Protein chains: 4
Amino acid sequence: MRDAGLWIERYAQVRAATMALAAPLSDEDCCAQSMPDASPVKWHLAHTTWFFETFVLERFEDGFQPFHPAFRVLFNSYYNGVGDKHPRPQRGLLTRPSLAQVRAYRANVDARIAALVRRHGGDAALATLLALGLQHEQQHQELILTDIKHLLAQNPMAPAYLEQHGAPAGQGAPAAQAWLHFSGGVGEIGHQGDGFCFDNELPRHKTYLDPYELSSRLVSNGEYLAFIEAGGYADAGLWLAEGWDWVRAQGIAAPHYWRRDDAAPGGWSSFTLHGQQPLDLDAPVTHVSLFEADAYAHWAGARLPTEAEWEHAAHAPGLSQMFGHCWQWTSSSYAPYPGFRPAQGAIGEYNGKFMVNQYVLRGSSLATPQGHARASYRNFFPAGARWQFTGIRLAR
Amino acid sequence: MRDAGLWIERYAQVRAATMALAAPLSDEDCCAQSMPDASPVKWHLAHTTWFFETFVLERFEDGFQPFHPAFRVLFNSYYNGVGDKHPRPQRGLLTRPSLAQVRAYRANVDARIAALVRRHGGDAALATLLALGLQHEQQHQELILTDIKHLLAQNPMAPAYLEQHGAPAGQGAPAAQAWLHFSGGVGEIGHQGDGFCFDNELPRHKTYLDPYELSSRLVSNGEYLAFIEAGGYADAGLWLAEGWDWVRAQGIAAPHYWRRDDAAPGGWSSFTLHGQQPLDLDAPVTHVSLFEADAYAHWAGARLPTEAEWEHAAHAPGLSQMFGHCWQWTSSSYAPYPGFRPAQGAIGEYNGKFMVNQYVLRGSSLATPQGHARASYRNFFPAGARWQFTGIRLAR
Amino acid sequence: MRDAGLWIERYAQVRAATMALAAPLSDEDCCAQSMPDASPVKWHLAHTTWFFETFVLERFEDGFQPFHPAFRVLFNSYYNGVGDKHPRPQRGLLTRPSLAQVRAYRANVDARIAALVRRHGGDAALATLLALGLQHEQQHQELILTDIKHLLAQNPMAPAYLEQHGAPAGQGAPAAQAWLHFSGGVGEIGHQGDGFCFDNELPRHKTYLDPYELSSRLVSNGEYLAFIEAGGYADAGLWLAEGWDWVRAQGIAAPHYWRRDDAAPGGWSSFTLHGQQPLDLDAPVTHVSLFEADAYAHWAGARLPTEAEWEHAAHAPGLSQMFGHCWQWTSSSYAPYPGFRPAQGAIGEYNGKFMVNQYVLRGSSLATPQGHARASYRNFFPAGARWQFTGIRLAR
Amino acid sequence: MRDAGLWIERYAQVRAATMALAAPLSDEDCCAQSMPDASPVKWHLAHTTWFFETFVLERFEDGFQPFHPAFRVLFNSYYNGVGDKHPRPQRGLLTRPSLAQVRAYRANVDARIAALVRRHGGDAALATLLALGLQHEQQHQELILTDIKHLLAQNPMAPAYLEQHGAPAGQGAPAAQAWLHFSGGVGEIGHQGDGFCFDNELPRHKTYLDPYELSSRLVSNGEYLAFIEAGGYADAGLWLAEGWDWVRAQGIAAPHYWRRDDAAPGGWSSFTLHGQQPLDLDAPVTHVSLFEADAYAHWAGARLPTEAEWEHAAHAPGLSQMFGHCWQWTSSSYAPYPGFRPAQGAIGEYNGKFMVNQYVLRGSSLATPQGHARASYRNFFPAGARWQFTGIRLAR
């Protein structure tokens with residue numbers, strides 16, 4: 001392995017960033033699970049470590065012994081090829097191992113990984129798995145934030161993940177919205193070059209696009225509020241049939257975390273990582289489902305982009321808020337690219353087996369670690385998911 | 001309207017074909033509903049009539065009066081633009097109106113439609129709606145057969161929809177399977193020409209296809225049985241994650257309607273419209289979900305085709321069983337074609353609002369009325385649906 | 001068997017009465033099932049016949065052959081000792097056997113029973129089972145009416161079971177309410193004498209009663225309406241905890257079948273066997289759950305009687321509406337009397353195995369066949385049941 | 001208030017005993033909730049404190065200020081008269097307040113209660129509420145043990161609440177079983193004398209009992225195992241109908257916490273507060289539902305006692321294991337005694353509103369605090385509950 005020192009440094013940085021996210025939280029905060037879709041922070045800390053132990057140490061370490069034999073099952077998320085899994089909805093009941101023990105697990109695996117990297121300089125297979133493990137860890141860094149936000153929001157005391165000092169800066173009034181035109185034709189999408197990518201971004205392949213337009217920026221809270229005030233949630237004609245059923249069955253009337261609040265200037269506040277805050281009308285709307293994104297687009301006389309349109313346009317000047325604000329729903333269902341081949345073995349379960357009944361989101365959010373996303377990156381969630389930082393970019 | 005006589009004849013033929021399907025059934029058979037996804041035959045008879053009354057007579061008939069004011073709600077399937085709807089899972093509780101009254105409703109509307117057509121010769125809008133109404137009626141003809149099959153299968157006495165006289169002919173051993181090669185490139189899909197099509201088949205548009213191969217024929221029962229005997233339903237690695245959950249939660253171990261049966265030559269029988277019958281190993285496998293189709297393909301070292309691949313190849317020599325055997329699952333989620341525009345008004349709810357979390361099926365089945373399907377036709381069902389005549393054509 | 005002729009006559013009368021109840025109904029009406037707790041009329045017709053076939057013919061008839069082998073399972077309600085049972089919630093899917101076939105089944109069994117009675121004059125065991133079978137049939141006569149009422153009420157067209165000719169007579173203003181005093185002490189309850197009773201009415205046994213008072217008549221619709229208008233359904237303090245959860249989860253705000261109706265004199269109408277009718281404020285309130293009965297009693301400064309109080313008082317002068325109006329909830333859970341012994345064999349499952357989580361109702365309703373009930377009769381339903389004719393008599 | 005010093009001491013003792021129960025647990029252990037019926041230990045610590053704050057301090061303390069305004073809702077268990085309640089199934093999501101804050105809450109209220117007692121010497125109303133608060137706290141001491149046992153049992157690592165040092169003493173072979181005869185007649189049950197009792201034990205009243213017999217001791221694990229080995233869980237004829245449905249729907253085949261274990265001498269182990277342990281065949285069977293207790297009794301040719309039988313016999317020589325082993329299911333539904341009057345105000349919700357669809361248990365368990373129970377004590381749970389220490393005493 002070339003550059004063992006660089007790998008050790010990179011590894012240490014990413015792993016430390018995870019621990020830094022957990023730093024403001026108590027042992028109790030780290031143990032609880034607010035819904036089956038979300039996981040406890042402690043579980044994220046352990047599972048990302050399990051990933052390195054199972055897919056790196058077990059393969060490369062001489063005389064491998066697991067840190068704790070029970071962890072193989074407890075912290076296996078969904079890899080049938082590895083064996084049994086603890087049931088997902090019961091992750092919050094694992095008061096043991098304690099957070100302290102999970103920290104010790106991390107430290108143990110970290111030391112063994114460092115030793116391994118020093119020993120196996122030049123092993124390309126090891127480098128590939130280390131890279132995947134670190135990207136995986138970064139995905140869980142974002143989930144730590146979205147999951148803890150969801151947990152704290154269940155508490156009537158609305159505790160902040162981080163106290164905010166001083167008034168929020170805000171982002172100022174958004175730039176005027178404009179439509180950027182793309183002429184389409186046969187183009188290519190999918191990852192290109194030597195850098196890391198997930199298997200679902202491959203192979204790069206040709207696709208045909210009709211001419212289309214993309215909005216220069218994301219839909220703002222203020223614009224979305226106009227949709228609410230125009231009765232958008234009560235007009236069946238704007239919604240996909242399944243979306244309309246969802247709105248009625250769940251009593252949905254605003255984005256997740258929004259609350260009517262007479263004390264707030266615009267009449268609404270929302271729950272944030274800094275606690276309950278007045279709604280910033282200039283900021284991009286977030287925590288909306290695909291159903292809401294689609295209904296809004298319908299109301300606005302537009303539509304959602306396909307993932308190919310989004311990627312094809314991603315580097316065009318004039319497009320703002322593509323990365324670092326919120327994930328952007330596309331109308332593309334999550335499906336394999338032509339010629340897609342998942343890896344052999346359990347690691348091949350990483351992405352491919354989820355390619356049904358999910359929709360692709362593009363871009364990245366304020367919770368995505370710096371440097372993690374790229375134009376070809378394919379995030380995916382079910383159409384009704386709202387606890388991620390998900391927003392809307394219009395197309396037509 | 002040109003050709004009023006032809007329209008009257010065509011209308012009478014299609015409407016009579018519907019009644020012929022109900023002929024072997026008792027009033028009780030026609031009233032019951034076996035699951036929320038299926039509808040009573042009586043309801044189908046009334047709803048297709050409601051379609052003509054609501055979208056044709058109400059618009060074109062002078063001094064329009066509804067046959068019965070309550071029917072507007074009772075037999076509205078899903079058109080929010082028309083108004084309230086009777087809840088779908090309760091269709092089987094509508095013992096009134098009686099089957100005799102529904103027959104009278106059909107006769108009344110049929111007479112008024114005939115009068116209308118005679119009066120409005122040359123009206124293109126009327127012709128468009130009549131054509132849609134008849135195509136709609138044909139779709140319900142297929143549903144009458146799949147829904148009554150599902151109902152009768154719930155009965156431990158396994159009654160036949162039609163008694164079979166003499167041994168079933170069978171279709172003989174299937175032709176040898178072959179792979180047909182297609183070189184791909186930029187092609188066009190979507191409906192072309194002057195004939196009728198549904199709005200979801202438009203607009204015809206360009207698409208890019210990588211080279212691909214399609215199987216010359218459908219997967220047979222015998223081939224599918226080999227998958228079962230090889231442990232296909234117990235091997236998580238073959239399944240989409242949601243498919244695996246579905247298999248385990250529902251205890252799925254064979255196609256719908258299959259039953260182990262020591263008395264049958266191959267050890268299996270299946271419930272058919274002629275009652276319980278030994279499984280014909282040569283016939284195409286049917287009543288499988290997308291999950292099963294995908295797992296089978298995976299096991300066979302192949303994949304499902306996209307809808308574009310299927311349509312692009314549809315007329316190639318060497319492909320058999322494209323139409324008239326069973327609908328063929330594709331890996332394409334049901335989505336609008338570029339530039340898709342549903343019709344204005346309630347009729348626009350026909351197709352567009354279902355374009356989420358469903359998968360496209362191509363071809364047609366043995367239950368599809370003659371002349372109804374075509375290469376650009378897009379049928380669609382959720383990934384777990386099995387009560388339709390759904391089968392598998394492999395691609396790679 | 002003494003009095004074979006009398007038995008034959010009695011049998012014929014009861015069986016004919018059942019058919020008379022079905023006479024106003026179509027085949028479709030008789031086939032549908034509105035909820036798992038209710039059964040189709042056709043099923044009632046078949047099951048009561050099955051009872052005679054299984055418990056009488058199978059035991060006494062020489063060379064017994066079942067009318068149809070599948071019926072043993074299809075029409076077994078809940079007798080594990082007899083064997084498999086068709087799942088209760090799917091009774092409405094049995095479009096076969098047809099109503100005509102069930103009528104033939106009844107005729108066949110009726111003829112065989114008559115022949116049997118003629119042959120076995122003097123057999124006491126046969127007489128016991130015949131008596132049980134006829135009482136059983138009478139219980140199902142009442143269920144036919146409550147179940148068909150429930151089914152027709154699901155239909156937005158609110159069809160009448162029987163058309164009413166002329167204005168309903170009404171019962172006139174109820175007598176003034178009075179409290180009747182009972183001094184209690186050691187008394188006996190349970191059936192006495194030679195007449196028929198169910199096993200759950202035995203053995204007659206001593207019980208101790210504190211002094212108590214019973215209301216001279218049932219609570220009227222007008223009185224219950226005062227409870228509603230006083231906010232009874234919104235005052236948690238009046239309700240049992242489980243009742244309050246029930247009210248909120250189900251959105252209960254009035255007795256079952258009541259509907260606010262501006263066109264009705266008192267502002268309410270209710271669905272009846274004669275269709276939708278203005279609410280008769282003078283009639284006893286009915287279709288209330290135990291939860292509602294208990295909350296009303298609490299609001300009125302009273303309580304529900306125990307079953308022992310009710311029975312002990314049953315023949316006291318001054319008590320009206322004890323029989324023939326509606327079943328009266330008691331606070332007594334359904335439990336075995338001291339020394340209770342169910343019969344040997346499958347017939348012993350008749351009553352005893354239901355003695356948990358149900359509450360006893362006393363009296364009888366307008367739907368109870370003449371001569372069926374008595375002071376020691378114990379009806380029973382879960383606390384939330386409302387589709388029976390259930391009402392309220394207060395105690396204190 | 002007489003004896004302020006004694007009250008202060010008694011209060012301090014009971015409150016300290018609660019904290020001692022939590023001592024072996026981590027913050028994480030104290031926060032998690034394993035099912036809606038169970039509560040987190042932290043919640044128990046806070047709720048018992050809330051009880052004193054709400055029903056004692058708020059009424060008696062001058063210038064009362066709540067410790068924290070949000071706690072009024074968060075730690076209100078079920079008192080509608082006090083106001084809103086945090087939803088029970090979400091108690092495990094309250095990672096804030098922290099365990100440390102709840103300890104501070106306890107210390108604060110403890111100090112204020114002590115000051116109050118010193119100031120209000122001689123106030124009988126205060127003494128009544130203090131006594132109730134301490135009895136209430138003792139009830140929650142038992143729940144802390146049963147709830148934490150349930151939580152730890154969910155963990156595949158089977159952690160012990162308390163490590164056991166040395167082999168368990170065991171209780172030795174149980175005494176030979178004998179039947180004690182009671183002649184019945186008119187007797188009295190209900191609490192007698194000046195000592196504390198709950199409102200549901202009053203008023204003492206007469207009841208009539210037929211002659212009966214009670215078993216001298218509880219059913220042992222070994223005896224219950226014989227029922228299992230005889231096929232008790234597979235024989236529908238032994239079960240109440242609802243019990244049989246429960247057995248089949250939940251797949252019940254042994255008492256809760258039992259597990260087949262080839263390594264254990266008798267082939268079974270069970271999860272205990274000391275972790276997974278071989279099953280002690282001599283100890284009383286526990287963690288059985290009313291359904292199981294009733295089926296066992298049926299199989300053994302006996303029945304469950306009524307609560308009046310149990311209480312009437314409670315002090316007879318020759319009865320062992322009446323207290324301190326496990327709660328004993330009776331066949332009596334939980335109902336008000338004749339003349340029962342709950343207290344005025346919210347405190348009246350303590351017992352009375354639960355008197356439906358629950359069954360009375362008598363005696364006390366190994367987890368019941370010393371001195372808490374008595375012969376007239378009425379514990380109650382739904383028929384399917386198994387996570388309490390519930391066992392079987394036979395009657396006939």
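Note that the coordinates shown come from a computational prediction; the quantities given were computed from them, not determined experimentally. Numbers restart at 1 for each chain; the letters A, B, ... are given by sequence-line order, proteins then strands.
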Given B:H47 and B:H136, is the ring pair (Phe, Tyr, Trp, His ring centres under 6.0 Å) satisfied, shown in steps? CA-CA 10 Å; B:H47 164 68; B:H136 172 258; 4.8 Å; yes

Report the C-alpha distance between C:E137 and C:T18 in whole Å, list the side-chain angles of each, state the deciding distance to 0.1 Å, and finish with yes or no for side-chain hydrogen bond (donor to acceptor under 3.5 Å, both in side chains). CA-CA 8 Å; C:E137 181 116 5; C:T18 308; 2.7 Å; yes

Show the numbers, then the answer: is there a ring pair (Phe, Tyr, Trp, His ring centres under 6.0 Å) between C:H287 and C:H150? CA-CA 11 Å; C:H287 296 300; C:H150 191 266; 9.4 Å; no

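Counting heavy-atom pairs closer than 4.5 Å to chain B, the top-ranked of the candidates C:L74, C:L93, C:D29 is C:D29. In terms of heavy-atom pairs under 4.5 Å with chain B, the best-connected choice from C:P156, C:A32, C:C30, C:S26 is C:P156. Your options are C:G92, C:A70, C:S98, and the one with the most heavy-atom pairs under 4.5 Å with chain B is C:S98.
With a 4.5 Å cut-off on non-hydrogen atoms, B:L99 touches chain C through its backbone and its side chain both. Contacts between C:Q90 and chain B at a heavy-atom distance below 4.5 Å involve the side chain alone, from C-beta outward. Both the backbone and the side chain of C:P97 come within contact range of chain B, each with at least one heavy atom under 4.5 Å from a heavy atom of that chain.
Salt bridge annotation for C:D27-C:K42: absent, with no cationic side-chain nitrogen under 4.0 angstrom from a carboxylate oxygen.
No close placement of the B:W258 and B:F271 rings is indicated, their centers lying 6.0 Å or farther apart.
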